[in-house]
Amino acid sequence: MDDLSLFLLSLDNEVEILPTMTFFPKLPPEIRNIVKIRRQVKESPSKAKQKKYFAAKSQMHFTYEASSGPTDSDGYNTPHSSVRAATKESRAAYFKVRSHEIQLLGYGCGNKIYFNPFVDVLHFDDFSSIFSHQLRQRLRRPLPFVTGLHHATKIAFDPVPNDERIGDLAAEVLDDYEIAIKNIQQFWRDKGQDWKIDMGWKRAVLEEEIKLLREMKAPSIRRALGRVNGGTINGNAKIFHLPLTAEDLA
C-alpha cells in the first residue's frame, strides 16, 4: 500500500476521502507536479508508399508528447504513482484530489496531466518551453493548444539562464535530433533496408538540421524560455523559478 499512498501528492494533511482510504500517510508538502513537453522524430506515415530507388521529398514527421511526474523543491523527479490504474476506488480518490487536467491537443488522450489547481506547483523545464514554442511557431497552431493551463495557480520554470546555459540547451536539442536520426537509420540497416536512406531522406535530414540551427540561436531560445507558448496562464497565477522555497510552496 505504500505505493498507493503516492496518489495523495497534493494533500497537506491526512484527509478522509473515501471510507476505506483513511490510512494513507501524510507526504512531504514539497512534492508537486512536473510537466514535460517533448518532440519525437519518427518515420513518415507515407513511407509505405515509397519504392526502392525512389527519392521521396520527405520521409520524417514529428509528434509532440506531454508527460508528468512529481518533483521536489529542487526540481528533481520523485517516483510517480500509477494509482489511477490500481483499483476503481483508488482512481475515484485520485480524481477527487486531482480534479483538473492539462492536455496537449491533437496528440492523443495519453497527453493528459492531472493536477490540483489549488495546491500543485506545475513545473515546466526549459526544454518544455522550447518545444511548446517550436510547436506553435512551426505549425501555427491556433491558441490555446495546451488546454487547462488557466486553472493552475502556481507555475514554476527553470532558473533564468545565462549564455552558457543557452548554449548547452541548443547543443542538447541538436544532439537529440541527431541521435533520433541515427536510430532510425540503424533500424533500417538492421532490417536490410539501407535503400531507404536515399537522397530524399538525406535532403529531409539536412533541411531539418538547418531549421534547428536557426531556431536554436540565442535570441530565439531566450524568447521561448520561461513561458508555455500555446497555453493561457491565469493572470492571477504565481510564477516561480527554481529552486522553490518553503514560502513558494506554502
Side-chain angles (χ1 to χ4, degrees), residues 9-10 29-40 62-80 98-108 110-139 141-162 165-173 176 212 215-216 218-245 247-249:
L9 294 172
S10 300
E30 66 270 21
I31 300 178
R32 297 297 184 261
N33 258 349
I34 183 170
V35 181
K36 288 184 179 293
I37 298 174
R38 293 292 185 268
R39 188 180 78 151
Q40 305 294 325
F62 309 101
T63 60
Y64 291 81
E65 300 175 357
S67 60
S68 69
T71 183
D72 64 19
S73 58
D74 292 318
Y76 295 105
N77 283 326
T78 57
H80 183 53
R98 294 197 160 170
S99 54
H100 290 67
E101 65 185 44
I102 295 172
Q103 184 174 10
L104 192 60
L105 292 182
Y107 293 95
N111 283 286
K112 289 184 179 180
I113 292 111
Y114 301 95
F115 69 103
N116 184 322
F118 307 107
V119 179
D120 282 1
V121 178
L122 298 180
H123 169 225
F124 292 84
D125 65 10
D126 287 338
F127 293 103
S128 295
S129 292
I130 287 173
F131 288 123
S132 70
H133 183 71
Q134 185 186 69
L135 175 56
R136 167 60 179 152
Q137 295 299 106
R138 286 196 176 192
L139 302 184
R141 295 287 301 274
L143 295 174
F145 57 84
V146 182
T147 63
L149 189 58
H150 63 285
H151 292 298
T153 60
K154 298 179 180 181
I155 299 174
F157 296 100
D158 282 350
V160 177
N162 55 26
R165 171 61 176 160
I166 288 178
D168 290 342
L169 287 169
E172 190 163 339
V173 170
D176 181 70
L212 281 177
E215 293 171 342
M216 292 302 108
S220 298
I221 292 180
R222 283 197 174 92
R223 284 195 295 271
L225 297 183
R227 59 186 296 196
V228 183
N229 196 348
T232 301
I233 296 177
N234 190 314
N236 295 320
K238 295 180 179 179
I239 307 298
F240 308 112
H241 287 274
L242 297 185
L244 301 179
T245 65
E247 183 178 353
D248 295 336
L249 295 167

Checklist entry - Going through the checks in order, is the side chain to side chain contact (heavy atoms under 4.5 Å, CB included) test met by Phe127 and Lys36? => result CA-CA 8 Å; Phe127 293 103; Lys36 288 184 179 293; over 6 Å; no
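We find that Arg98 and Asp120 are joined by a salt bridge, their nearest charged nitrogen and carboxylate oxygen being less than 4.0 Å apart.
Counting only heavy atoms from C-beta outward, the side chains of Glu65 and Leu104 never approach each other to under 4.5 Å. Residues Val35 and Val228 form no side-chain contact, since every pair of their non-hydrogen atoms from C-beta on lies 4.5 Å or further apart. The side-chain heavy atoms of Ile221 and Val173, taken from C-beta on, include no pair separated by under 4.5 Å.
Among all heavy-atom pairs drawn from Ser129 and Arg227, the shortest one is OG-O, 2.8 Å. The minimum heavy-atom distance linking Met216 with Ala170 is given by the pair O-CB, 3.4 Å.
Atom OH of residue Tyr114 and atom CD of residue Gln103 lie 8.0 Å apart, to the nearest 0.5 angstrom. With rounding to the nearest 0.5 angstrom, the CG atom of Leu135 is 12.0 Å from the CZ atom of Phe62. Atom CZ of Arg39 and atom CZ of Arg138 lie 5.0 Å apart (nearest 0.5 Å). Rounding to the nearest 0.5 Å gives a distance of 15.0 Å between CD1 of Ile113 and NE2 of His100. Rounded to the nearest 0.5 Å, atoms CD (Gln40) and OH (Tyr64) are 10.5 Å apart. With rounding to the nearest 0.5 angstrom, the CD1 atom of Ile166 is 10.5 Å from the OG atom of Ser220.
With Ser132 contributing its side chain and Ser128 its backbone, the two residues share a donor-acceptor pair below 3.5 Å.
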Donor-acceptor pairs under 3.5 Å, side chain of residues 148-161 to any protein atom, not counting sequence neighbours: which ones?
{"unit_1": "Thr153", "atom_1": "OG1", "unit_2": "Pro117", "atom_2": "O", "d": "2.5"}
{"unit_1": "Lys154", "atom_1": "NZ", "unit_2": "Ala250", "atom_2": "O", "d": "2.6"}
{"unit_1": "Asp158", "atom_1": "OD1", "unit_2": "His123", "atom_2": "NE2", "d": "2.8"}
{"unit_1": "Asp158", "atom_1": "OD2", "unit_2": "Asp126", "atom_2": "N", "d": "3.0"}

